[in-house]
Visitor: 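Just passing along the structure, written as C-alpha cells.
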Amino acid sequence: MQQQYPFQEIERAAQNEWANKQTFAASESSDKPKYYCLSMFPYPSGRLHMGHVRNYTIGDVLSRFHKMKGYNVMQPMGWDAFGLPAENAAIKHNTAPAKWTYENIEHMKTQLKQLGLGVDWNREIATCTPEYYRWEQWLFTELYKKGLIYKKTATVNWDPVDGTVLANEQVIDGRGWRSGALVEKRDIPQYFMKITAYAEELLSDLDQLDGWPEQVKTMQRNWIGKSYGCEVAFPLLGQDGQLKVYTTRPDTLMGASYVAVAAEHALATQAALTNPDLAAFIAECKRGSVAEADLATAEKKGMATSLFVSHPLNGERLPVWVANYVLASYGEGAVMAVPAHDERDFEFATKYQLPIKAVIKQSDADSLPMTEHGLLFNSGEFDGLNFAQASDAIATALSAKNLGQKRSQFRLRDWGVSRQRYWGCPIPIVHCASCGEVPVPAEQLPVVLPEDVVMDGVGSPIKKDPSFYETSCPQCGAKAQRETDTLDTFFESSWYFARYASFDSHSAMVDQRANYWLPVDQYVGGIEHAILHLLYARFFNKLMRDVGLISNDEPFTNLLTQGMVLKDGSKMSKSKGNTVDPQALIDAYGADTARLFMMFAAPPEQSLEWADSGVEGAHRFLRRLWKAVFDHVALGTTAAYSSGELNVELKTLRLQLHQTIDKVADDYGRRHSFNTAISSVMELMNALAKMECTQTLSRQVRQEVLQNVALLLSPIVPHVCQALWAELCPGSHILDASWPLADPTAMEQDIVEYVIQVNGKLRGSLTVAKTETKMQLEQLALAQPFVQKFMEAPLQVRKIIVVPNKLINVVVS
RNA sequence: GCCCGGGUGGUGAAAUUGGUAGACACAAGAGACUUAAAAUCUCUCGCUCGUAAGGGUGUGCCGGUUCGACUCCGGCUCCGGGCACCA
C-alpha cells in the first residue's frame, strides 16, 4: 500500500473496473426490490457546473446506499438536448445547433464519468435524437385524435425589428435583447394541451405524495389554484348582452362600483372602434412583454369606455373600464371592482376617483381597503350576514334572476406547446387545403428535424426550407404543408423518466419494463423545477397511463429538491454567466474530494453560496483516513473485533462506532442529511486517532472501525473506500459487502448524563445510573452546590421538571 | 405584485419531537517538528465584564406563549427561487 493518497490512480482504476464489469448495468430480472433513482437530466450547456456536481452526487449517494442495502438499483443519465441556448450559440459561433449540442454532450459525459457516478450508461438518451422524439410525436398525434390537443390563438412577445417571436427571457426591460426594439404582443395560432382536463386529478393526487416536500405540494396546489366563487353577469346598458365576471368574493357584490376588462376583451375592442383615445390606450397595453411578473408590477393604468352595465341586484349604473391589471387569461378576462375590499381595486379607484363603497366590516375601526372576511352592511337585505351566508344568499338571488351562479375556477391554464423556434421537436401535423389539419400517421414518423442548417439569427431555418415544409397530405395525397413550429422543450422532459426503462425499444414509446421500474422511487433535482417541470411530468404520466402505456398514477414517489448553488447571490446558470466549472477541482484533488466537499458544505435542500474554501479540508480528511489505514495495515492483517473483554476506552470507542452506524444510516436514508453523516464519521475518526493501539484486542477494534468507516463513507467517496477496503480485507470487494448493522450489545449503557438547569439556565451536569427514579434525581439535583446557590432565602423551589435521560430544571422564585 | 423558501460566530454549518446554542469543518492566531518552507501535530477561537473563579449577553428586528424558544404564534425586514416561451 502506498503511503501517499494516490487519488488519480485509484479513481481511474475504480472507474475502469466499473465500466469493464458493467457494475451499474440495471436489469429487470432480479428477486431484490427495485429502486429507481433519477436525477434531473442536464441541459448540455457546455461544461458541468457546481449545481450538477451537487445534484448528481446526491443521486449517486442514494443509489449506492440503496444498492448496499440490497436493492436492485437503476440510475440512468441522459440529455435534455433541445433548447434555445443551442440556437444562440449556433448564431454566435457560426455552427449548427446539432453539432454544438453533440459536442457538449461528449464533453459533459466525460466530466460526469470522472465524477464516478454509478450510472447505467447503456440507457443514455438524448432528446434531440429522432429515436427519442419520434415517440413524443406519436403521443402528440394520439392525443390530438383524442381531442386533448387543440389549436387556438395565444399572445407572444414580438420583436418588430427582427421580425421574430421572443422568449420571456429575451425581453429585457420591454425591449428585444438583440434588436433593442420595443417588444409588442402579438396573437398567433398555437397548439395547446388540455392540462385543465386533468386539473382536478393533478390537485387531488398531491395528497398521496407523502414523499414530496410540503413546500412543493403547496406551490403546485396554489399554481393549480382551485377557487370557489361565483359567476356574475352584468347586463349591458343600451345594447343586448352581458358582461360576465368571476369573483371569489360574491359577498362584496353590493360594494361593486365599476367593472374592469382586460385590454384584449371583446368589449374593449368594441368600445375602441368609436373612441381613438381608447384605441391608443389599448395599443399601449399591448406593448411590453407577456410575462405575468411584468404585468403585475406595471403601474396600474386604465381608461373609461363609454359603456355601462347595470348591477345585477340593485340595478345601479356602473361604468366599464379597461384596466391593465386585469388578466385576459384568468376567469372571464373581466372583474367586478370592489375598491373598499380589494387592494388593487382600491389603488385603481383612488387613482381615477371612482366611488369606494364599504359593505363588509370586522369592527368600526376598519381601515380601507379591508380585505378580510366580516359581516355585511350597506347591503340591503343581506345586511348582517357573514361570508358563507352572504355568498349563498347572493348566489341564490343571482340564480333567481338568471344572472349568476356558484362555480369553481382553476387558475391553471391549458399548456401552449407551440414554439416558433428551430431547435426542437417538429410538431407532427400536415396542413392540407382540403383535409385541414392532419396528424402524421404513425408509420410516417418521425418527422425528422434537418440538422444541417445555417442559423442567421432571424427566424427558424425550417420555416424557410421547402424541402422540409413541402409535403403531401397523408389523407388525400394532395400537395400540403408541414407545420414548422416545434414543441416546447418541457415536452421532452415530461416523459424521459419512462423512456429510461424502455431505452432501446423500437416498437413502442415505453414497454412492459416501464411497469417494472416505475414509479421512480427517488427523484432528485433543483427546487426551481417545483412547479412547471414537475407538474408537466405528472400530467404526462397520467396521459401515458390513459393511453395504456403505464399503470402508475404518479411518476415520482419521493422527491428531493436540491437547493440551488448560488454565485454572487443568484442561481448559477450559463445564461447569467456565473458558473463555476468543477474540472479544476477534480484535476487538483480528485472526484472523491469534490463529492465529499459538496456533500459536507450544506444540507442538500438548502441553497448554497459557492465558495471553495473548505475543499482543502475535505481533501485533508481523506488523506488522514488513507494514512490511518496505511499505518494500521502496515502492522499486518487482523480480523475485526468479535469477542473478548474490552477496557473502558475500547468499549467507549465501540459504542461510538455503532451509534455512528445507526446515525449515518438514518442520515442517508431518512433525513438526507449528508453533511451530518460526514461529520459524525469525522468525529469517529478523531476518536480513533486518539487511541493508542498495539494490543491484539485494540487492533481488532481498530480494524472494525476502519472497515465500517469505509462502508459508511463509500456512497459519498466510493473510489477511496473501494481502495481502502481492498487493503483492509484482502481478497474481498467492497461492492460485495452490504450495509453494516449496528451491534445492539455495543450500545448498552448503564449511566446517563443529566443537564441541570435553574430557571431554564444551564448550571451544571450530573452523571447518574440509568436506574435512578424521578424522586432520587430531584433530590440529587437539589443537593448540588451549583443549585443550592440559587435557593438561598427568600427564594423557594416552586417545581422541578425532569426530562428522562436528558435534563432537570429547578424552578425557583 | 402574487406564490414558496431562507436569515445562527470572521466563514460553511450543527442542535432530528419545545430541553446543554455553535458539534464537525474552513479561516485566523500561538506553539511543536524542520537549516528553511511545505506537510503534519498540539492549543486558542460568539460578544462582553473579570487576573481568575465566575457572571452577563447572544440565533435578522419587534412583541407573545412556556418552567424552558434557533425551534411554536402575531407583526415587520432583508435575501433567494418561481410566475406559464430560460431550462
Visitor: Identify whether any heavy atom of A:L412 sits under 4.0 Å from a base atom; if not, whether one sits that close to sugar-phosphate; answer base, sugar-phosphate or nothing.
Guide: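 The answer is base, as A:L412 lies within the cut-off (heavy atoms under 4.0 Å) of a base atom.
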
Visitor: Can you confirm if the NZ or CZ of A:K300 lies within 45° of the ring axis of A:F348 and under 6.0 Å from the centre of its six-membered ring?
Guide: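 Verdict for A:F348: no cation-pi partner in A:K300.
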
Visitor: Starting from the 5' end of RNA chain B, give me the residue, A:K806 or A:T297, whose nearest nucleotide shows up first.
Guide: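 The answer here is A:T297.
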
Visitor: Let's test this: given Watson-Crick or G-U wobble pairing with both distances under 3.5 Å, identify the partner of B:G9.
Guide: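 Across all strands, not a single nucleotide pairs with B:G9.
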
Visitor: Using only atom types and a distance under 3.5 Å, with no angle test, would you say the side chain of A:S493 pairs donor to acceptor with the backbone of A:F490?
Guide: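 A pair under 3.5 Å: yes.
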
Visitor: Check whether any side-chain nitrogen or oxygen of A:N222 sits under 4.0 Å from OP1 or OP2 of B:C83, and answer yes or no.
Guide: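 Answer no for this pair, as no side-chain N or O of A:N222 is under 4.0 Å from OP1 or OP2.
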
Visitor: OP1, OP2 of B:A13 versus side-chain N and O of A:Q606: anything below 4.0 Å?
Guide: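 Answer yes for this pair, as a side-chain N or O of A:Q606 is under 4.0 Å from OP1 or OP2.
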
Visitor: Kindly point out which of B:A87, B:A13, B:A23 is positioned nearest to the side chain of A:S679?
Guide: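 My answer, after comparing the listed nucleotides, is B:A23.
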
Visitor: Using a 4.0 Å heavy-atom cut-off across all strands, classify A:H529 as base, sugar-phosphate, or nothing.
Guide: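 Since a base atom lies under 4.0 Å of A:H529, the category is base.
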
Visitor: In the strands shown, is B:U16 matched to any nucleotide by a Watson-Crick or G-U wobble pair with both distances under 3.5 Å, and which?
Guide: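 With both distances under 3.5 Å required, B:U16 matches none.
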
Visitor: Can you find a side chain N or O atom of A:N675 that sits less than 4.0 Å from OP1 or OP2 on B:A14?
Guide: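 Answer is yes, contact under 4.0 Å.
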
Visitor: At 4.0 Å (heavy atoms only), tell me whether A:G416 reaches a base, stays on the sugar-phosphate, or touches nothing.
Guide: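 Sugar-phosphate: the residue A:G416, judged by heavy atoms under 4.0 Å, touches backbone atoms but no base.
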
Visitor: Separation of A:F790 atom CZ from B:C67 atom C1', in whole Å?
Guide: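 Taking CZ of A:F790 and C1' of B:C67, I get 16 Å after rounding.
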
Visitor: Rounded to whole angstroms, how far apart are CD on A:E683 and C1' on B:C24?
Guide: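 Result: 6 Å.
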
Visitor: If you only use heavy atoms from C-beta on, which nucleotide in B:G55, B:A13, B:A25 is closest to the side chain of A:K789?
Guide: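 So the nucleotide nearest the side chain must be B:G55.
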
Visitor: Picking from B:G55, B:A84, B:A13, which would you name as closest to the side chain of A:R411?
Guide: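 Side chain of A:R411 sits closest to B:A84.
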
Visitor: Between B:C24 atom P and A:M682 atom CE, what is the distance in whole Å?
Guide: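 Distance check: A:M682 CE to B:C24 P gives 11 Å.
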
Visitor: Taking the C1' atom of each, how far is B:A23 from B:A14, in whole Å?
Guide: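 So the two C1' atoms sit 5 Å from each other.
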
Visitor: Take A:R419 and A:D488 through the salt bridge (Lys or Arg N to Asp or Glu O under 4.0 Å) test and state the conclusion after the steps.
Guide: CA-CA 6 Å; A:R419 296 293 180 269; A:D488 180 3; 3.0 Å; yes

Visitor: Provide, to the nearest angstrom, the distance between the CZ atom belonging to A:R763 and the P atom belonging to B:C67.
Guide: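 Taking CZ of A:R763 and P of B:C67, I get 19 Å after rounding.
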
Visitor: Which whole number of Å gives the distance between the C1' atom of B:U20 and that of B:U11?
Guide: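 Pairwise C1' distance, B:U20 against B:U11, rounds to 24 Å.
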
Visitor: For a quick test of reading the model: is some side-chain N or O of A:R671 closer than 4.0 Å to OP1 or OP2 of B:U17?
Guide: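 Looking at the OP1 and OP2 atoms of B:U17, neither is under 4.0 Å from any side-chain N or O of A:R671.
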
Visitor: Paired with B:G1 by Watson-Crick or G-U wobble geometry, both distances under 3.5 Å: which nucleotide is it?
Guide: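 Pair assignment: B:G1 / B:C83.
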
Visitor: For a quick check of understanding: with a heavy-atom distance under 4.0 Å over all strands, which category does A:Q420 fall into, base, sugar-phosphate or nothing?
Guide: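 Touches a base.
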
Visitor: Name the nucleic acid region contacted by A:L84, choosing base, sugar-phosphate or nothing; use a 4.0 angstrom heavy-atom cut-off, strictly under.
Guide: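 Sugar-phosphate contact only.
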
Visitor: Using a cut-off of 4.0 Å on non-hydrogen atoms, how would the nucleic acid contact of A:T218 be classed: base, sugar-phosphate, or nothing?
Guide: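 Sugar-phosphate only.
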
Visitor: Evaluate the criterion salt bridge (Lys or Arg N to Asp or Glu O under 4.0 Å) for residue pair A:K351 and A:E299; output intermediate values, then yes/no.
Guide: CA-CA 11 Å; A:K351 179 170 178 180; A:E299 190 198 344; 2.8 Å; yes

Visitor: Nearest whole angstrom, please: distance from the P of B:A84 to the CZ of A:F539.
Guide: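 Distance check: A:F539 CZ to B:A84 P gives 18 Å.
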
Visitor: Nearest-Å distance, CG (A:L688) to C1' (B:C24)?
Guide: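 From A:L688 CG to B:C24 C1': 17 Å.
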
Visitor: Nearest to the side chain of A:P603, which nucleotide is it out of B:C67, B:A84, B:A13?
Guide: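 My answer, after comparing the listed nucleotides, is B:A13.
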
Visitor: Among the nucleotides B:U16, B:C83, B:G19, which one has an atom lying closest to any side-chain atom of A:D666?
Guide: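 Shortest atom-to-atom distance from the side chain points to B:U16.
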
Visitor: Check A:C128 against A:T101 and note the closest heavy-atom contact, atom names and distance.
Guide: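 Nearest heavy atoms, A:C128 then A:T101: SG-CG2, 4.4 Å.
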
Visitor: Can you tell me the distance, in whole Å, between the CD atom of A:E753 and the P atom of B:G19?
Guide: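 It works out to 17 Å between those atoms.
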
Visitor: In terms of side-chain heavy atoms of A:A602, which of B:U16, B:C86, B:A13 is nearest?
Guide: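 So the nucleotide nearest the side chain must be B:A13.
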
Visitor: What nucleic acid atoms does A:R221 come within less than 4.0 Å of, heavy atoms only: base, sugar-phosphate, or nothing?
Guide: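 Nothing, no nucleic acid heavy atom in range.
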
Visitor: Nearest to the A:T489 side chain among B:A87, B:G1, B:G55, which nucleotide is it?
Guide: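 It is B:A87.
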
Visitor: Contact class for A:V755 (heavy atom, under 4.0 Å): base, sugar-phosphate, or nothing?
Guide: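 The answer is base, as A:V755 lies within the cut-off (heavy atoms under 4.0 Å) of a base atom.
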
Visitor: Would you classify A:V156 as touching base, sugar-phosphate or nothing, given that sugar-phosphate means primed atoms plus P, OP1 and OP2, and contacts are heavy atoms under 4.0 Å?
Guide: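 The residue A:V156 makes base contact.
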
Visitor: Heavy atoms under 4.0 Å, any strand shown: does A:F490 hit a base, just sugar-phosphate, or nothing?
Guide: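 Base, at least one base atom sits under 4.0 Å.
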
Visitor: The side chain of A:Q215 is closest to which nucleotide in this list: B:A25, B:G5, B:A87?
Guide: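 Nearest listed nucleotide: B:G5.
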
Visitor: Distance-only, no hydrogens or angles: does the A:S418 side chain make a donor-acceptor pair with backbone N or O of A:Y191 under 3.5 Å?
Guide: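 Yes, because the side chain of A:S418 sits within donor-acceptor range (under 3.5 Å) of the backbone of A:Y191.
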
Visitor: Are A:K463 and A:D485 close enough for a salt bridge, meaning some N to O gap below 4.0 Å?
Guide: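 A:D485 and A:K463: salt-bridged.
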
Visitor: Under 4.0 Å between any heavy atoms, over every strand shown, what does A:S418 touch: base, sugar-phosphate, or nothing? Just pick one.
Guide: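 Contact class for A:S418: base.
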
Visitor: With sugar-phosphate meaning primed atoms plus P, OP1 and OP2, does A:A530 contact a base, only sugar-phosphate, or nothing at under 4.0 Å between heavy atoms?
Guide: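 It contacts nothing in the nucleic acid.
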
Visitor: Select base, sugar-phosphate, or nothing to describe what A:Y325 touches, counting heavy atoms under 4.0 Å on all strands.
Guide: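 Result for A:Y325 = nothing.
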
Visitor: Is B:C72 paired to anything, Watson-Crick or G-U wobble with both distances less than 3.5 Å, and if yes, which nucleotide?
Guide: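 Result: B:G64.
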
Visitor: Is the A:F491 to A:Y536 ring centre distance short of 6.0 Å?
Guide: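 Ring centroids of A:F491 and A:Y536 are no less than 6.0 Å from each other.
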
Visitor: Base of B:G74 relative to its sugar, syn (within 90° of 0) or anti?
Guide: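 This nucleotide is in anti.
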
Visitor: Is there a donor-acceptor pair closer than 3.5 Å between any side-chain N or O of A:W610 and the backbone N or O of A:G51?
Guide: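 Not confirmed, A:W610 side chain does not pair with A:G51 backbone.
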
Visitor: Strictly under 6.0 Å, is that where the ring centroids of A:H619 and A:F7 end up?
Guide: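 Yes; A:F7 has its ring centre under 6.0 Å from that of A:H619.
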
Visitor: Distance check needed: B:A87 C1' versus A:Q170 CD, whole Å only.
Guide: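 Spelled out: CD on A:Q170 to C1' on B:A87 is 13 Å.
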
Visitor: Picking from B:A23, B:A87, B:A25, which would you name as closest to the side chain of A:E528?
Guide: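 Ranking B:A23, B:A87, B:A25 by closest atom to the A:E528 side chain puts B:A87 first.
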
Visitor: Between A:R344 and A:N157, which has a closest nucleotide on RNA chain B that is more 5'?
Guide: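 Here A:R344 is the residue nearer the 5' end.
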
Visitor: In sequence, state the C-alpha distance, the side-chain angles, and the governing distance for A:K217 and A:E214, and then conclude on salt bridge (Lys or Arg N to Asp or Glu O under 4.0 Å).
Guide: CA-CA 5 Å; A:K217 289 188 280 184; A:E214 216 43 60; 3.5 Å; yes

Visitor: Could you pull out the protein-nucleic contacts involving nucleotides 37-47 of chain B (nitrogen or oxygen on both sides, under 3.5 Å)?
Guide:
| residue | atom | partner | partner atom | Å |
| --- | --- | --- | --- | --- |
| B:U40 | OP1 | A:R623 | NH2 | 3.0 |

Visitor: My understanding is that a pair needs two contacts under 3.5 Å, Watson-Crick or G-U wobble. By that rule, which nucleotide pairs with B:C43?
Guide: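 WC or wobble partner is B:G29.
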
Visitor: Base, sugar-phosphate, or nothing for A:K761, non-hydrogen atoms under 4.0 angstrom?
Guide: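 Here A:K761 touches the backbone only, sparing every base.
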
Visitor: The side chain of A:M564 is closest to which nucleotide in this list: B:U16, B:G81, B:A87?
Guide: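 Closest of the options to the side chain of A:M564: B:G81.
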
Visitor: For A:Y133, run the ring pair (Phe, Tyr, Trp, His ring centres under 6.0 Å) check against A:Y496, A:F82, A:W495 and tell me which one passes.
Guide: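 Exactly one option meets the ring pair (Phe, Tyr, Trp, His ring centres under 6.0 Å) with A:Y133, and it is A:F82.
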
Visitor: Between the base of B:C67 and the side chain of A:N809, is there a donor-acceptor distance below 3.5 Å?
Guide: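 Per atom types, the contact qualifies.
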
